[in-house]
Amino acid sequence: MSAPLFLVEALPTGDTLTLDGPEGRHAATVQRLRVGEELVLADGRGGTAAAEVTAVGRGTLDARVTSRGYVDAPVPRLVVVQGIAKGDRGELAVQAMTEVGVDEIVPWAASRSVAQWRGDRGVRAREKWAATAREAAKQARRAWLPVVAGAPDESSTTVTRRLAGAGAAFVLHEEAEERLSTAELPGTGEIVLVVGPEGGIAPAELSAFREAGARPVRLGPTVLRTSTAGVAALAVLATRLGRW
């Protein structure tokens, strides 16, 4: 089993470290790491440091750095514009997409989104998505922490501009004829993928996205939920790009 990963604001500059705060409590109390066991620290920006536990305290542990590394940012970047969903479906989508390699998630206030992120509620909801991505990145041992970008609820107009600047832009749509598995992919830049909410993508939104250069694509003969469509599409892209 690979060593557990913990996210820190900055990697240690010396040969020893004390891991405290929430990550220290998780390592010492939840993971119950013991002297001699290994762990990995990551700054979420590609930097890593492997270490061996030398002492364990109440909610903290000391460790000795054994090696350092850096993981290049994936190219092209995989960006998912995720329609805001009701209940915990959005968080389930964020969790799964982080585990399979999404680089950026953009919450989208689609016209058919049942849930509305307004004011303080929107700020809290977006923060929950970010926290979910952080925990999923640790579980997946990712050196790069996905970005939960934009305002709490990006408008369709803002999404349209993002699509226009992408290396390739796709909209998952059940009536599309082109398949994502055969669509042409760029070698650099961003691949932006739009996933609609439970009610789907409105015709006016689809028209605007197509005018911006996005291509409607489908995954297969079945219709997936908003919480699973993005992760399925990312799996296709990860395979085609050689990440998997």
Side-chain angles (χ1 to χ4, degrees), residues 73-85 89-90 93-94 96-98 100-117 122 125-126 129-130 133 144 146-220 223-241 243:
V75 178
R77 296 182 76 244
L78 300 179
V79 180
V80 174
V81 175
Q82 175 67 52
I84 296 172
R89 290 179 182 173
V94 169
M97 291 190 297
T98 299
V100 300
V102 71
D103 298 305
E104 185 176 342
I105 301 168
V106 180
W108 169 39
S111 64
R112 292 180 176 175
S113 288
V114 176
Q116 299 295 320
W117 288 7
R126 181 183 180 279
W129 277 27
W144 283 90
V147 176
V148 178
D153 52 350
E154 290 291 290
S155 68
S156 297
T157 300
T158 305
V159 169
T160 299
R161 289 198 295 266
R162 184 68 180 265
L163 297 175
F170 303 106
V171 182
L172 292 184
H173 198 275
E174 61 192 86
E175 296 180 0
E177 296 183 1
E178 184 178 10
R179 292 179 179 269
L180 183 60
S181 59
T182 57
E184 184 178 355
L185 302 178
T188 59
E190 291 184 346
I191 297 175
V192 182
L193 181 74
V194 179
V195 179
E198 297 97 324
I201 298 173
E205 293 167 333
L206 181 61
S207 178
F209 294 163
R210 295 185 70 163
E211 289 180 7
R215 297 177 355 237
V217 294
R218 58 197 295 250
L219 293 170
V223 179
L224 303 182
R225 290 180 178 269
T226 186
S227 56
T228 56
V231 66
L234 286 169
V236 171
L237 293 175
T239 301
R240 294 193 59 200
L241 294 169
R243 294 192 184 186

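All values below were derived from every heavy atom in this structure, side-chain atoms included, with hydrogens, water molecules and symmetry-related copies excluded.
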Nearest atoms (heavy-atom pairs only) where Leu172 meets Ala233: CD1-CB, 4.1 Å
Closest non-hydrogen atom pair, Trp129 against Ile105: CZ3-CG2, 4.0 Å
Heavy-atom side-chain proximity of Arg126 to Val148 below 4.5 angstrom: yes
Heavy-atom pair of closest approach, residues Thr239 and Ala235: OG1-O, 2.9 Å
Shortest non-hydrogen contact from Pro146 toward Thr98: CG-CG2, 3.6 Å
Short side-chain to backbone donor-acceptor contact, Asp103 and Leu78, under 3.5 Å: yes
Over 12 foreign heavy atoms within 6.0 Å of CZ, Arg243: yes
For Glu178, salt bridge (Lys or Arg N to Asp or Glu O under 4.0 Å) partners two or more places apart: Arg215
Closest non-hydrogen atom pair between Thr226 and Gln82, with its separation: OG1-NE2, 2.7 Å
Using residues 183-212 as the side-chain source, report each donor-acceptor pair under 3.5 Å to any protein atom, sequence neighbours left out, with the distance given to one decimal.
from   : atom 1 : to     : atom 2 : distance (Å)
Glu190 : OE1    : Arg162 : NE     : 3.2
Glu190 : OE1    : Arg162 : NH2    : 3.4
Glu190 : OE2    : Arg77  : NH1    : 2.9
Glu190 : OE2    : Arg162 : NH2    : 3.2
Glu198 : OE2    : Lys86  : N      : 2.8
Glu205 : OE1    : Ala202 : N      : 3.0
Glu205 : OE2    : Ser111 : N      : 2.7
Glu205 : OE2    : Ser111 : OG     : 3.1
Glu205 : OE2    : Ser156 : OG     : 3.3

Partners passing side chain to side chain contact (heavy atoms under 4.5 Å, CB included) against Ala149 (at least two apart in sequence or in another chain): Glu104, Val106, Val147
Trp117 to Gly122 - nearest heavy-atom pair and separation: CB-CA, 3.6 Å
